[in-house]
Visitor: 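First the structure, which I've put down as structure tokens, then a few questions once you've had a look.
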Protein chains: 2
Amino acid sequence: MGITKSEHFTDEQNELAVLAKAIGHPARIAIIQHLIKVNSCVCGDIVNELPLAQPTVSQHLKELKNAGLIRGNFEGNAICYCLNEEGFNKIKGFFQHITSYLENKKNQCC
Amino acid sequence: MGITKSEHFTDEQNELAVLAKAIGHPARIAIIQHLIKVNSCVCGDIVNELPLAQPTVSQHLKELKNAGLIRGNFEGNAICYCLNEEGFNKIKGFFQHITSYLENKKNQCC
DNA sequence: TATTTATATCGTAATATTGCAATATAAATA
DNA sequence: TATTTATATTGCAATATTACGATATAAATA
């Protein structure tokens with residue numbers, strides 16, 4: 001059916017999935033890495049960085065923004081993008097949970 | 001066209017994307033959370049936990065396994081699953097990088 | 001060995017994602 | 001105000017994902 005049964009999962013599970021899914025594309029990883037490198041930049045810079053057409057980059061930026069992972073502010077007729085701490089904080093806790101679990105358990109399976 | 005242009009991105013970007021994408025579904029988040037809770041369990045337990053049919057759960061387990069996030073060992077005629085530290089370590093570094101960047105930068109955008 | 005139990009695979013329908021050309025929008029500038 | 005510059009949106013084709021019934025496989029057990 002192709003439709004995820006979101007209503008059967010908890011809000012937390014759905015939120016984490018939305019965040020991870022947004023990160024789960026190499027172009028969006030590249031955008032995040034570039035924003036870390038230059039701190040903030042206008043959309044056109046990202047178009048020049050990536051091997052993708054402008055509408056495609058715009059779409060990836062939109063998805064990152066919808067997930068709460070980046071922010072965009074108008075700066076003249078351009079839009080300045082940067083990472084959004086809020087989104088990353090939400091998923092950070094999940095990975096810290098996993099990490100501390102994995103550190104404490106015996107490293108054998110079953 | 002629906003096909004990701006993986007060949008235009010770095011190996012690291014593609015690897016991170018594969019891992020994040022595998023995590024990016026509520027059912028797979030639920031599986032990871034359950035494995036943390038019970039340490040390890042057979043597939044049937046997960047089928048009972050999730051609101052999904054057995055073939056669907058099997059498919060999600062396969063994706064997590066392919067991404068290197070879980071392992072499965074035969075245990076009689078059942079298969080015992082648990083988290084795979086290796087996969088989570090790969091993505092851990094990425095989030096630590098982001099976290100330390102966000103902690104050090106001024107919290108304003110552009 | 002026939003049956004049961006546990007899991008995987010196949011096939012398929014419904015939906016989502018990716019990518020881009022064409023076009024729209026909106027601010028800056030000539 | 002007409003043009004340029006920067007970004008978003010629309011529409012569409014190609015591909016991927018999600019879900020599950022039916023079925024296959026493989027170990028355990030009667």
Side-chain angles (χ1 to χ4, degrees), chain A residues 1-9 13-14 17-31 35 40-67 70-82 109-110, chain B residues 1-9 13-14 17-31 35 40-67 70-82 109-110:
Chain A
M1 292 132 196
I3 187 166
T4 295
K5 298 169 112 185
S6 307
E7 69 278 12
H8 294 307
F9 298 97
Q13 286 162 347
N14 284 314
V18 164
L19 288 164
K21 193 175 178 180
I23 298 170
H25 190 287
R28 297 194 288 266
I29 295 274
I31 290 171
L35 285 175
S40 73
C41 68
V42 297
C43 168
D45 295 337
I46 296 170
V47 174
N48 291 332
E49 273 297 306
L50 299 196
L52 298 171
Q54 179 268 323
T56 308
V57 171
S58 189
Q59 199 173 285
H60 284 304
L61 287 170
K62 192 179 174 185
E63 280 176 61
L64 286 169
K65 205 166 121 192
N66 285 344
I70 64 172
R71 282 185 304 197
N73 293 324
F74 284 90
E75 199 169 78
N77 64 335
I79 295 179
C80 179
Y81 283 101
C82 66
C109 179
C110 313
Chain B
M1 291 134 197
I3 185 164
T4 295
K5 297 169 109 183
S6 308
E7 69 278 12
H8 294 307
F9 297 97
Q13 286 162 348
N14 284 314
V18 164
L19 289 164
K21 193 173 178 182
I23 297 171
H25 190 287
R28 297 194 289 266
I29 295 273
I31 290 171
L35 285 175
S40 72
C41 68
V42 297
C43 169
D45 295 337
I46 297 171
V47 173
N48 291 333
E49 273 296 307
L50 299 196
L52 297 171
Q54 179 268 323
T56 309
V57 171
S58 189
Q59 200 172 283
H60 284 303
L61 287 170
K62 192 179 172 185
E63 280 175 61
L64 285 169
K65 207 166 119 192
N66 285 344
I70 65 171
R71 281 184 303 196
N73 293 324
F74 285 91
E75 198 169 79
N77 64 335
I79 295 179
C80 179
Y81 284 101
C82 66
C109 179
C110 312

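Proteins come first, then strands; the chains are lettered A, B, ... in the order of their sequence lines, and each starts at number 1.
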Visitor: Just to be sure I understand the rule, does Val42(B) reach a base, reach only the sugar-phosphate, or reach nothing, if contact means heavy atoms closer than 4.0 Å?
Guide: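 Sugar-phosphate, backbone atoms only, no base.
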Visitor: Measure NZ/Lys62(B) against P/dC20(D) and give the value in whole Å, please.
Guide: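 It is 17 Å, rounded to the nearest whole Å.
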Visitor: Looking only at non-hydrogen atoms, find the nearest pair between Ala78(A) and Val42(A) and report the distance.
Guide: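 Smallest heavy-atom distance, with atoms named: CB-CG1, 3.8 Å.
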Visitor: Between dA19(D) and His60(B), is there an OP1 or OP2 to side-chain N/O distance shorter than 4.0 Å?
Guide: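 Yes.
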Visitor: I need the CD-C1' distance between Gln59(A) and dA21(C), as an integer number of Å.
Guide: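 So the two atoms are 13 Å apart, to the nearest Å.
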Visitor: Between C1' on dG19(C) and CD on Glu63(A), what's the gap in Å once rounded to a whole number?
Guide: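 Whole-Å distance recorded here is 12 Å.
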Visitor: Only pairs with both distances under 3.5 Å count, Watson-Crick or wobble alike; so what is the partner of dA19(D) in this structure?
Guide: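 dT12(C) - that is the nucleotide pairing with dA19(D), both distances being under 3.5 Å.
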Visitor: Thr56(A) side chain N/O closer than 4.0 Å to the phosphate oxygens (OP1, OP2) of dC20(C)?
Guide: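 The answer is yes; a side-chain N or O of Thr56(A) sits under 4.0 Å from OP1 or OP2.
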Visitor: Is the shortest side-chain heavy-atom distance between Leu52(A) and His60(A) below 4.5 Å?
Guide: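 Leu52(A) reaches His60(A) side chain to side chain.
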Visitor: Name the closest nucleotide to the Ile79(A) side chain, picking from dC20(D), dC20(C), dT7(D).
Guide: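 For the Ile79(A) side chain, the nearest candidate turns out to be dT7(D).
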Visitor: Over 60° means perpendicular and under 30° means parallel, so classify the ring planes of His25(B) and Phe9(A), tilted if in between.
Guide: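 Phe9(A) vs His25(B) ring planes: perpendicular.
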Visitor: State which of dT5(D), dA28(D), dT7(D) makes the closest approach to the side chain of Asn77(A).
Guide: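 Side chain of Asn77(A) sits closest to dT5(D).
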Visitor: So what does Lys21(A) hit on the nucleic acid, given a heavy-atom distance under 4.0 Å: a base, only sugar-phosphate, or nothing?
Guide: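 Here Lys21(A) touches the backbone only, sparing every base.
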Visitor: What are the two closest heavy atoms between Leu50(A) and Ala27(A), and how far apart are they?
Guide: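 For Leu50(A) versus Ala27(A), the nearest heavy atoms are CD1-O, 3.9 Å.
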Visitor: If I take atom CD in residue Glu7(A) and atom P in nucleotide dT18(D), what distance separates them, rounded to the nearest angstrom?
Guide: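 The distance from CD of Glu7(A) to P of dT18(D) comes to 15 Å, rounded to the nearest Å.
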Visitor: With respect to the side chain of Leu52(B), which nucleotide from dA28(D), dG19(C), dA19(D) is positioned closest?
Guide: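 Nearest listed nucleotide: dA19(D).
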Visitor: Over how many whole Å does the gap from Asn73(B) atom CG to dA8(C) atom C1' extend?
Guide: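 Taking atom C1' of dA8(C) as the reference, CG of Asn73(B) is at 17 Å.
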Visitor: Do you know the tightest heavy-atom contact between Tyr81(B) and Leu61(B)?
Guide: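 Scanning both residues, the minimum pair turns out to be CE1-CD1, 3.7 Å.
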Visitor: May I have the distance from Phe74(A) (atom CZ) to dA8(D) (atom P), rounded to whole angstrom?
Guide: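 The answer, rounded to whole Å, is 8 Å.
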Visitor: Now, which nucleotide makes the Watson-Crick or G-U wobble pair with dT29(C), with each of the two distances under 3.5 Å?
Guide: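 Pairing partner: dA2(D).
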Visitor: Does any donor-acceptor pair link the side chain of Gln54(A) with the base of dA8(D) at a separation under 3.5 Å?
Guide: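 Yes.
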Visitor: Between Arg28(A) and Leu61(B), who's closer to the 5' end of DNA chain C by nearest nucleotide?
Guide: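 Nearer the 5' end of the strand: Leu61(B).
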Visitor: Here's a test of your reading of the structure: between Ser6(A) and Ala78(A), which maps to the more 5' nucleotide of DNA chain D?
Guide: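 Between the two, 5'-proximity favours Ala78(A).
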Visitor: Under 4.0 Å between any heavy atoms, over every strand shown, what does Val47(B) touch: base, sugar-phosphate, or nothing? Just pick one.
Guide: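 No contact at all - Val47(B) keeps every heavy atom at 4.0 Å or more from the nucleic acid.
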Visitor: In whole Å, I'd like the distance from the OH atom of Tyr81(A) to the C1' atom of dA6(D).
Guide: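 Atom-to-atom, Tyr81(A) to dA6(D), this comes out as 11 Å.
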Visitor: Minimum heavy-atom separation for Ala22(A) to Ala67(A), with atom names?
Guide: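 Nearest heavy atoms, Ala22(A) then Ala67(A): CB-CB, 3.6 Å.
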Visitor: Looking at dA16(D), I'd like to know if its phosphate oxygens (OP1 or OP2) sit under 4.0 Å from a side-chain N or O belonging to His25(A).
Guide: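 For dA16(D), OP1/OP2 do not have a side-chain N/O of His25(A) under 4.0 Å.
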Visitor: Grab the CG-P distance between Leu64(A) and dT17(C) for me, whole Å please.
Guide: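 Rounding to the nearest Å, CG of Leu64(A) and P of dT17(C) are 13 Å apart.
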